[in-house]
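Treat the numbers as computed from the prediction; the structure is a model and nothing was measured.
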Amino acid sequence: MNCPRVEVDLRKIRHNTRTIVERLAGCRIGVTAVSKAVCGHPAIAQAMLDGGAGALAEARLSNVKRLRQAGLTCPITLIRTPLLSQVDDVVQVCEASYNTELTVIAALAAAALRHGTDHGIILMVEMGDQREGIIPSNVGDMAQRVVAMPGVSLKGMGANFACLNGVAPTDAKMRALSSLANDVEGRCGPFLETVSGGNSANLPWAFGARASGRVNDLRIGEAILLGVDPVTEGRIEGMYRDAFTLVAEVIETNSHSLRPHLGCADSSLARLRLVPDVSESTRLLLAIGHQDTDASGLSMPPGNTLIGATSDHLAIGTNDATLCVGTEMRFQMSYGALMRAMAAPDIQTNLRDNRAGSNVHVFRGSGKHLALT
Ligand SMILES: *Cc1c(COP(=O)(O)O)cnc(C)c1O
């Protein structure tokens with residue numbers, strides 16, 4: 001089988017999605033599944049929809065096009081503010097987009113009129129993470145202008161947390177978002193269909209929320225894909241952490257000194273690094289490197305220690321004598337490692353689907369997204 005590869009268990013993706021959907025249904029919050037970490041892989045996105053997600057969200061237009069080309073017809077929202085240079089495509093493939101700039105909204109409106117459609121606008125409000133967003137005191141003005149603009153409709157408001165600065169959502173911030181939604185409605189009329197409270201980092205709040213106020217949507221990627229809460233990095237109860245496995249092949253084993261030689265020729269290479277335990281007598285070299293994934297985000301199987309990585313190699317210290325040239329090693333991945341592996345041109349994605357009655361789920365698409373089982 002092709003190596004390196006990412007093995008994806010679609011049943012676990014469906015299970016993880018369903019678990020979150022059911023837990024959030026209690027507080028009337030719907031789930032919009034975010035497929036950006038898997039580059040809009042159609043079969044994985046479909047598994048999220050099959051698990052009960054009501055819609056999809058993507059950061060990149062290229063990923064949205066991949067989903068549409070595979071035949072997905074569900075609503076797709078662009079969660080990164082559209083590029084001014086892409087507005088014509090955005091209004092044709094996305095029902096709605098998150099926006100922070102009036103210039104972009106005006107361009108989307110003009111494009112929507114050109115293409116005979118109406119584009120939904122969700123205003124992204126900045127609530128502390130300081131990545132993107134309109135400052136709360138300007139949201140009312142912006143909303144009024146959107147409402148007055150033919151070609152676009154004001155669909156909602158959203159906020160985002162724990163991305164750039166790790167500012168976590170709190171009950172107080174969610175209440176502030178709710179009252180902002182009420183203010184905007186009071187001021188400009190239309191009912192805001194969507195009030196999207198944030199991403200996977202909002203789950204601890206949502207699971208414990210006594211009242212979710214106006215918040216009726218969360219955009220969830222990492223928690224569905226990896227079963228973890230990104231703030232604590234702990235497993236979410238009842239979720240699989242191993243829906244994705246990275247498989248790489250050993251290309252060299254030797255037992256020479258594991259201690260790196262001191263006195264590097266290039267002083268920029270002299271840096272702090274992990275030195276394997278002396279009990280690990282063998283050094284393995286695997287055919288995978290920085291170009292494929294984030295080596296520091298791979299979980300080492302017991303008895304193995306990451307020594308380091310270069311663009312095309314991964315060095316591991318091991319005390320497992322059965323590992324030899326040609327052996328495949330399996331790793332769980334962090335979000336960063338997963339994101340890079342799914343975008344790497346040399347890594348094949350193999351889908352496994354244990355759905356009763358159908359265990360092959362093939363999407364014919366371009367290049368690496370052609371899936372085998
Ligand atoms: C990436 C992203 C999400 C999803 O984040 P996860 O941590 O993967 O759940 C949601 N909203 C926005 C704006 C994003 O950029």
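- Residues G238 and T19 approach most closely at O-OG1, 4.0 Å, considering heavy atoms.
- By the criterion of side-chain heavy atoms lying less than 4.5 angstrom apart, applied directly or through intervening Ile, Leu, Val, Met, Phe, Trp or Tyr residues, L180 is grouped together with I121 in one hydrophobic cluster.
- Checking N304, L286, T293, V247 one by one against F331, the side chain to side chain contact (heavy atoms under 4.5 Å, CB included) holds for a single residue, L286.
- Between D118 and S153, the side chains place a donor N or O and an acceptor N or O closer than 3.5 Å (distance only, hydrogens not considered).
- Considering R11, K12, R14 as possible partners of D353, the one that fulfils the salt bridge (charged side-chain N to carboxylate O under 4.0 Å, His left out) test is R14.
- Linking ILVMFWY side-chain heavy atoms closer than 4.5 Å, directly or via other members, places M239 and V31 in a single hydrophobic cluster.
- At a cut-off of 3.5 Å, with distance as the only test, no side-chain donor of N2 or R5 sits close to an acceptor on the other residue.
- Using a 4.5 Å cut-off between side-chain heavy atoms of Ile, Leu, Val, Met, Phe, Trp and Tyr, with links allowed through other members, L351 and Y240 fall into different hydrophobic clusters.
- A side-chain donor-acceptor contact under 3.5 Å links T232 and D229.
- In this model, no donor atom of one side chain and acceptor atom of the other lie less than 3.5 Å apart for Q332 and R241.
- R80 forms no cation-pi arrangement with Y98, by the criterion of a distance under 6.0 Å to the ring centre and an angle within 45° of the ring axis.
- The environment of Q291 atom CD is sparse: at most 12 non-hydrogen atoms of other residues, nucleotides or ligands sit within 6.0 angstrom.
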side-chain contact (heavy atoms from CB on, under 4.5 Å) for L218 and N199? Distances and angles first, verdict last. CA-CA 6 Å; L218 290 178; N199 55 38; over 6 Å; no

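- A salt bridge does not link E101 to R145: none of the charged side-chain nitrogens sits closer than 4.0 Å to a carboxylate oxygen.
- A donor and an acceptor atom, one from each side chain of D320 and T318, are nowhere located under 3.5 Å apart.
- In terms of hydrophobic clustering, with Ile, Leu, Val, Met, Phe, Trp and Tyr side chains grouped at heavy-atom distances under 4.5 Å, L306 and L246 are assigned to a common cluster.
- Nearest heavy atom pair, residue L84 against residue A107, reads CD1-CB, 3.6 Å.
- The backbone N or O of A344 sits nowhere less than 3.5 Å from a side-chain atom of R340 that would complete a donor-acceptor pair.
- Shown are N202, V21, L203; of these, the side chain to side chain contact (heavy atoms under 4.5 Å, CB included) with I220 is made only by L203.
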Please step through side-chain contact (heavy atoms from CB on, under 4.5 Å) for the pair T253 and R283, ending with a clear verdict. CA-CA 6 Å; T253 68; R283 202 192 66 142; over 6 Å; no

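- The 12-atom threshold is not exceeded at CZ of R60, counting heavy atoms of other residues, nucleotides or ligands nearer than 6.0 Å.
- With hydrogens and angles left out, the side-chain atoms of R219 and S196 include a donor and acceptor closer than 3.5 Å.
- Taking the charged nitrogens against the carboxylate oxygens, R114 and D88 do have a contact shorter than 4.0 Å, which makes a salt bridge.
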Residues R187, D141; criterion salt bridge (Lys or Arg N to Asp or Glu O under 4.0 Å); working and verdict: CA-CA 9 Å; R187 190 161 153 183; D141 278 350; 2.4 Å; yes

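- Grouping the Ile, Leu, Val, Met, Phe, Trp and Tyr side chains by contacts below 4.5 angstrom, directly or via other members, places L338 with L10.
- When every heavy atom of V90 is checked against every heavy atom of P82, the shortest pair comes out as CG2-CB, 4.1 Å.
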Check against side-chain contact (heavy atoms from CB on, under 4.5 Å), I316 and M329: CA-CA 11 Å; I316 290 177; M329 289 186 73; 4.3 Å; yes

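- Salt-bridge formation is detected for the pair R214/E185: a Lys NZ or Arg NE/NH1/NH2 atom is positioned less than 4.0 Å from an Asp or Glu carboxylate oxygen.
- Atoms CG and NE2, on L78 and H119 in that order, are 7.5 Å from each other to the nearest 0.5 Å.
- A salt bridge links E7 to R330: one of the charged nitrogens lies within less than 4.0 Å of a carboxylate oxygen.
- If you check the side chains of E58 and S35, you find a donor sitting under 3.5 Å from an acceptor.
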Evaluate E249 against I288 for side-chain contact (heavy atoms from CB on, under 4.5 Å), listing each step before the verdict. CA-CA 8 Å; E249 188 171 320; I288 192 164; over 6 Å; no

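- The residues K65 and D89 are annotated as salt-bridged, a charged nitrogen and a carboxylate oxygen being separated by less than 4.0 angstrom.
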